[in-house]
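Beneath this line is the structure, given in structure tokens, with notes to follow.
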Protein chains: 2
Amino acid sequence: MTPADLQQLADLLKALGETNRLSLVCRLCECEKPQNAMCLCDCCSVDASGVSRHLKILTQEGIVSVERKGRTRSYSLNRAFVARRLRDLADRIELTPELS
Amino acid sequence: MTPADLQQLADLLKALGETNRLSLVCRLCECEKPQNAMCLCDCCSVDASGVSRHLKILTQEGIVSVERKGRTRSYSLNRAFVARRLRDLADRIELTPELS
DNA sequence: TATATTGTTGCACAATAGTGCAAATATAAG
DNA sequence: CTTATATTTGCACTATTGTGCAACAATATA
């Protein structure tokens, strides 16, 4: 694992490791269809601008995707991507090194 | 998922989501045997006091365990615990809700 | 007892992060 | 064109976090 990979992984975990952002992720988890930002406002204790900023961070980390639809933006969770990252780390952690 | 559970999970992810702490975790990953703090110092770019503080946070979150041995302390990674938490989240994220 | 080793803690400080509010932007609708 | 809705951004502010240094505590060794 290169330092850059490690940094990238840390950034992903940091993005997930904030209460309001994790709330947003969990909320998106439960939605079949993409949700717009206003709709997501009530799942965390910040105003619209705060939600916007949190969604921006989640987007930058590849955790969610945005699709512009008229004046709204639809956010959806990149389920496979995030799950893959978490499982890769879990695998690495659980793999006890061979006794050499 | 209760707000308390969510907060707890966020705390775990936050603990993992800092570069130097994640370095420590990855380093412990590769060790068969518990390591003392001094031995872990060279895997991240902070001095002994910084390592001590990071290990304290990791311990508080249950990510690592400590065992006192004389004047040294041996740290080991709680592999099963961390892997379990990460996989649980991955499962939750990947489970698309049923169309109702 | 004196000294070296290991690790933690208090303090100060700089950097980062999260927040609300108000203004700006963008687009849709009337 | 005017207005309403959705979202972003600038600004200011506060809180949190990461850090090194020096002092301290605890334990082993000479």
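Within every chain, numbering begins at 1; the chains are lettered A, B, ... in the order of the sequence lines, protein sequences first and strands thereafter. Bear in mind that the values here come from a model prediction, so they are computed numbers and not experimental data.
At least one side-chain nitrogen or oxygen of B:His54 sits closer than 4.0 Å to the OP1 or OP2 atom of D:dT19. In this model, the phosphate group of D:dT17 is approached by a side-chain N or O of B:Lys14 to a distance below 4.0 Å at OP1 or OP2.
At whole-Å resolution of the value, CG in B:Asp47 and C1' in C:dA12 are 15 Å apart. For the pair A:Arg68 CZ and C:dT27 C1', the computed distance is 11 Å after rounding to whole Å. Atom CD of A:Gln60 is separated from atom P of C:dG18 by 12 Å (rounded to the nearest Å). To the nearest angstrom, P of D:dA6 lies 18 Å from CD of A:Glu67. Per the geometry, CD belonging to A:Gln7 stands 13 Å off P belonging to D:dG18, to the nearest Å. Rounded to an integer number of Å, the gap from B:Leu22 CG to D:dT17 P is 18 Å. Atom pair A:Leu13:CG and D:dT17:C1' shows a separation of 17 Å (rounding to whole Å applied).
When each of B:Leu9, B:Leu6, B:Asp11 is tested with A:Thr19 by the rule side chain to side chain contact (heavy atoms under 4.5 Å, CB included), just one qualifies, namely B:Leu6. Of the candidates B:Arg53, B:Arg21, B:Glu18, B:Arg21 is the only one forming a side chain to side chain contact (heavy atoms under 4.5 Å, CB included) with B:Leu58.
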| said: So if I define the base as every atom that isn't primed, P, OP1 or OP2, how would nucleotides 5-11 of chain C read as a B/S/- string at a heavy-atom cutoff under 4.0 Å? | reply: BSSBBBB
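B:Ser74 and B:Glu67 are not linked by any side-chain donor-acceptor pair at a separation below 3.5 angstrom, with hydrogens and angles left out of the test.
For A:Arg92 and A:Asp88, the salt-bridge test fails: no basic side-chain N is under 4.0 Å from an acidic carboxylate O. Comment: A:Arg87 engages B:Glu94 in a salt bridge, judged by a side-chain N to carboxylate O separation of less than 4.0 angstrom.
Toward the 5′ end of DNA chain C lies the nearest nucleotide of A:Ile57, the other residue of the pair A:Ile57 and A:Gly70 mapping further downstream.
Considering only heavy atoms from C-beta on, A:Ile63 comes within 4.5 Å of A:Leu77 through its side chain.
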